[in-house]
Amino acid sequence: MVRRTSTVLVSVLGIALAGFSPNCYSQKEQTLCEVTVTAVKPERFMIGQKVKDIDSTQLAQNRFTTLANFLQFQSPIAFKSYGAGQLATISFRGTSSSHTAVLWNGVNINFPSLGQSDFSTLPMSGFDEMTIQYGSAASCVGTDAVGGSILLRSVPKFNQTGLQAIAGVSAESSKNYAGQAGLRFYYPVAKNWKISGKTLFYGADIRNDFGNDPIQNRKGAQYPVEPMQTLQKGFVQDIYALHSNGNLFSLNAWVTDNNLTIQPNSLSLREITQTKAQRYVLSYNVGKTLLRAAYINDVLDYGRADNTNPSHTDIDRYLFRVEHDFSWIKSCERGTNLKVGSEVTHYAAQVDGYGKELKTENRAEFYLLLRYQHSLRFSSSLNLRQALVSGYNPPFTPSLGIDYRVFSSPTDRLNLTTNIAYSYRVPTLNERYWVNLGNPALQPEIGFNKEIGAVWKRRTSEHFHQQYSINAFHNLIDNWTYWNPDKNYKVENLQQVLAKGIEIETSHRFITAAWEATAQFQYALTHSSQQKAYGPYTQDILGKQLIYVPRHSLSGTLGVTSGAWSFTVQQLYNSARYITFDHSGRPFPSYYLMNAWATYQHKLKQHRLHFQLQGNNLTNTLYPNLKKNAMPMRSVSFNVIFIFNQKK
Amino acid sequence: MKINSILVALFTVSLLASCEKNETEPLQPYDTGVIVVNSGNFSDNNGTLSLIQRTGQTTVTDIFQKENMRSISGGLSGYAEVNDKGIILVDNSTAGKDAIEIVNARTFKTVATIPSVEIENPRTVIKVSETKAYVSAWDATGDFSNFYKNPGYIAVLDLTTNKIVKKIAVQNGAESLALVGNEVYVGNTGSGKTILTVIDVASDAIKQTIEVGRNPTLIGLDASNKLWVYAAGELQKINTSSKTVESKLKITASNASKSPSSFVLSADKATIYYTFSFYDAADGYVQKGETYSFSTTSTAIEAKTPFINRLFSGGLAVDPQTGDLYAGLVPSYKQAGYVFRYKSNGTLIDSVKAEIAPSKFFFKK
C-alpha cells in the first residue's frame, strides 16, 4: 500500500529514534485526494470513533518491550497479568480479554481456541505501526472488536535507499536479557520494479529475579515471588515489490516462539507453557483491488516436570480476502469512498481437549464500508458486515458514524463525533468444541455501543500544539458467555454486561529549534457490570464492577528531546480492582507505576549508536498479579542499539 | 539513683500485679466459635479463614490477614488445632510455593511458617497428641496423564519446635486421616491406590496396610467403635483391633449415575450424612442431588428420602457440641459462599455468609 504521505513518514528503524515524528498527533489529516490513490485503510471508515496512532518514536523507544507492557500505559486499557513474562490478557473499556481484536496486517491474530491474544508474547519490534481503536468496530474489522481493537502493521519504506542494519542488546538488573538484529533494504531491481523489505531476528531471556522470599511493603502487604523464566525468540520478514504503475506485492511473515517455565530450577516442580505462532500474509494490491491470502498456525503446549506428555493445541487458519475500493471524488474535500470485500477462513484444530478428531470450521464475511465526506466540516460513515460461520450465523452488524466540525478558526478547531455500532464475537473454538463442556449451539456475543466525543485542536503558533478530547460510551453486551460452575463448567450465553465510561485525553507539544517537549495524559472512568440474573446467587453480583477492571485509570507520557539527548517518563495509576464477582474479600489495592528512559544518540559518520538507560517501576511499587504473586519491583536496564546505514 | 530504685520497685510490683491478673485468662478474640476454611479459587490463591459463632449471623472474614497484616499466599486445604496452636494448610497454585502457617489459635497471631521447600500439596491436618499433628500431602503432582506421580507422605509436625520432624512415605494421593486410639489411618484420593496405611503415633512408623479397594476415604469411628471407610464405591466397616473389613454396603438408588461424597458422622456417632449427586447430561450437565443420611447400624443403605432436599458442593461437618450439621454452599469460585446450618433432625436453622468456597469447618470449644 502506497500513500503519498509516506514521503513524510520517517523510517521506524532510523530517524524516528532521533526525535519526535510528525505523526505525534493522532489522526493526521489527509485529503481525500491523498488517501484514495490506492487502497483506503479501514481506519478511515471508523468515523465518530476514537482512533489513535501510536507515534513511531514511542514504538522505537519500546523496542525491547512487549505489547502488554506498552499498552498498559494507554488508559483505559487494563491487563490481567499472571506475572511478568507470563500470560497477559487485555481488558479494553471494561470488556473481557476476548473482546479486543488484534489485527496484524489486516488479519485477526487472536489465538482461535481462546479468542484472545497473550500480549506478553507480542514484542513491540514485531511491527512498524500501531493504531488503537476504542470501542466497537466489528463492522470494520470483524469478530472480537467489541471493546476495541489493536491494529498492527508492517509498512514498506520506499523512500530510503540501500541497506540499513540494526543490532541491539538490552540487559536488565532483574536478569532479563534481550537482543535483536536485522536489516532493512531498498533496491530498484528492474526498470519498473523496486524491492524493499525488512528482516529482524529477536530473542529474550527473562527471569524477573527479585529473590526467593516474599516481598513486603510498608503498608504490610506481602506477596510471594514466583520463580520463572521466559525464553522468547522470533523472526520478522517483510518483502515488498512495487511496480511503477502502483501495483504492490507484499509478503509479511512473523514467527514467534515463547517458552515460559515456572519453577525453572526444579525438574519435579516445573510447569512449561510453549506458545508458537507462524503468521504469513501474502497481498497483492492491483489498482484498487486487494487480493490477500494468509496462513496462521498457532501451537500451545502445556506440560509439567520433564514435559514428556504435554497437552497439545495446534490450530491452522487459511484465509482468503478480496477487497475493492471505489471512489467518487468531487474535490479534495468532498467525495465518497466505498470498500467492498469478502473473505473466507478455514480453521483446522487438533486439540487434546476437543477429542481425537480434527475439528474444522469455515467462516465467511462480507462487508461494505461507506464513507461520505460532504466537506471538511462534515463526514460520515456507514459500515455493514455479515459474517457466516459453519453451523450458525452471527447477526448482521452495521455501524453509523458522524464527525462534525462545529467551530473552526486559524488557531482552533472543535469537532463533535458520534458513533453507533453493533459488534459481535464468534465463540472461540474451546467454547464450541471442548469435550462435554463446550457448546456447539452457543450464540455469538452481541454488543451495542453508542458513543459521543469532542476533540479540540489548538495551534496558537508553530511552536505550541494542543489537543483535548473527551469521549463517553455505553456498550451493552448480550449473550456474554460464562463457564457455568452449576453445570460442571459447561459454557453458556448467560450473562449481560453493560460497560460505560468517560475518557479524557490531553496532548501538548512545544517545539523550538533547540528542543522539543511533549506531554500526553489520559484519564478513564470505567464502570462495567453484570446486568442479568442467571441463578439464585447472582443477586450478589448484579450491578457490581467486573473483576480486574479499575474504575479510575490515569496514564501519561512526558518527553523532552534536546540535541542528542532525549528523556521520557511514563506513568500509570490504576484504582483498586475487585477480584470477586460480589466484591467480597480484599480487592487488589490501587497502584502507581513509573518508567523512565534517558537516550543518548551518538553519530558515527552516517551510522548511529543509541545508548539508553531505562528504569522500570522506579517507585518500587509492590502490586500483585492474578495469582497474587509480586509483580516486578524496581529494575534498571541498559540498552545499546547500533544502526548502520549504507553509504549513499 | 534512689528515684530509679523506687521506679524499679514500683515496676516490679506492677508486673507482679499484672501476673496475678493473668491468672483469670482474659477471653481472646478466637476462643469460641467455628472456623470456616474457605478454600478460595485455586489459581487466585485467595483462601481465607473466617470465624462465625454458633448462633447469629456475624462473620469475621479473613482473620489471618486481620491479625497479621499479610494474607495467606494460596488456597486453603485444612485447619486444625493442637492446644493453643492453629495449623493452616496453604496450597498455592504454583508448585513449590505451598506452606503451613502456625498461629496462636486464640489470637491468630502468626507463630511460625513451615516454608514451601518442606511441604508440597498439604491436604489434611489432624491433632494426634498434645504436641503433635499429622499432615497428609501429595508431594509434587505431574501432568494430567500421571497426576499423582509421587508417593504421598505424612508430615509429622512437632508443635513444641514448630518443625516437621519426619516424613512418612505412604500411598500416592494421601488425603483423609482418622485417629483411632494410638493409630492414624491414611486414605487417598484419585490415585487409584487401594490400601489404608496404619501409622503408630508413638513411633511415627507404619504398622501395616489394609486392603480396602480403590481410593479409600476415611469417615470416622462410630458409636460401636467401628471405623467407616468409603472405598471402591462401597461403605466398609473396619474392625480396628483385627484390622479387617467386617462388612461392605453399596448405596442403592433409583438413579444409578449418582455418586456419594462428603461423608460425615453425627455427634452421637450413630448416623452418617452424605451428599449424593450427578451431572444431568439430559439437562445441560446441571449438577443435581441431595443430602442423605443412614444409620450406622443399617444393613442396607438406600438413598430414597433425602435428609435435606438440597445439594452442597462445599462439604459437610457436624458440630460435636450441638450436633448441628454445617454445609458449605459454593455459588461460584468467584463470589462468597454460604454456610447452611441444620438441626440434627434436618430442620434448617439459618445460613451465614462466609468467603470463597467454604469447604471445611473447625469447631472450637
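Values below: every heavy atom of this structure, side chains too, minus hydrogens, waters and symmetry copies. A, B, ... follow the sequence lines: proteins, then strands. Residue 1 opens every chain.
- Among the candidates T61(B), D143(B), N92(B), D139(B), the residue making the largest number of heavy-atom pairs closer than 4.5 Å to chain A is D143(B).
- Residue S584(A) touches chain B through its side chain alone, counting heavy-atom pairs closer than 4.5 Å.
- Only the side chain of K149(B) comes within less than 4.5 Å of a heavy atom in chain A; its backbone stays farther off.
- Looking only at side-chain heavy atoms (C-beta outward), Q65(B) and R586(A) come within less than 4.5 Å of each other.
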Inset, instruction - Tell me, with the steps shown, if Y537(A) and Y338(B) meet ring-ring contact (aromatic ring centres under 6.0 Å, His included). - result: CA-CA 10 Å; Y537(A) 290 90; Y338(B) 291 82; 5.3 Å; yes

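- In this structure, R70(B) contributes its side chain and Q222(A) its backbone to no donor-acceptor pair below 3.5 Å.
- Counting heavy-atom pairs closer than 4.5 Å to chain A, the top residue among Q287(B), M69(B), Q335(B) is Q335(B).
- When the side chain to side chain donor-acceptor pair (under 3.5 Å) test is applied to S268(A), no partner is found at least two apart in sequence or on another chain.
- Residue contact with chain A, scored on non-hydrogen atoms closer than 4.5 Å, is absent for F42(B).
- When heavy atoms are compared at a cutoff of 4.5 Å, Y223(A) does not approach chain B at all.
- Minimum interatomic distance between S71(B) and K628(A) (heavy atoms only, all atoms of both residues): OG-NZ, 3.4 Å.
- When heavy atoms are compared at a cutoff of 4.5 Å, D62(B) approaches chain A solely by way of its side chain, counted from C-beta outward.
- With a threshold of 4.5 angstrom between heavy atoms, N212(A) approaches chain B through N, CA, C or O but not through any side-chain atom.
- For T141(B), the parts sitting under 4.5 Å from any heavy atom of chain A are the backbone and the side chain alike.
- Considering only heavy-atom pairs separated by less than 4.5 Å from chain B, the leading option among I541(A), L626(A), D540(A) is D540(A).
- Residue contact with chain A, scored on non-hydrogen atoms closer than 4.5 Å, involves the backbone and the side chain of T94(B) alike.
- The main-chain N or O of V225(A) is found under 3.5 Å from a side-chain atom of K97(B) such that the two form a donor-acceptor pair.
- Side-chain contact between K487(A) and D280(B) is absent, with no heavy atoms from C-beta onward closer than 4.5 Å.
- Within the 3.5 Å criterion, the main-chain N or O of I579(A) finds a donor-acceptor partner in the side chain of K334(B).
- A search for salt bridge (charged side-chain N to carboxylate O under 4.0 Å, His left out) contacts involving D582(A) returns nothing, not counting sequence neighbours.
- Using a 4.5 Å cut-off between heavy atoms, N46(B) contacts chain A through both its backbone and its side chain.
- T48(B) does not touch chain A: none of its heavy atoms, backbone or side chain, sits under 4.5 Å away.
- In this structure, no portion of L311(B) lies under 4.5 Å from any heavy atom of chain A.
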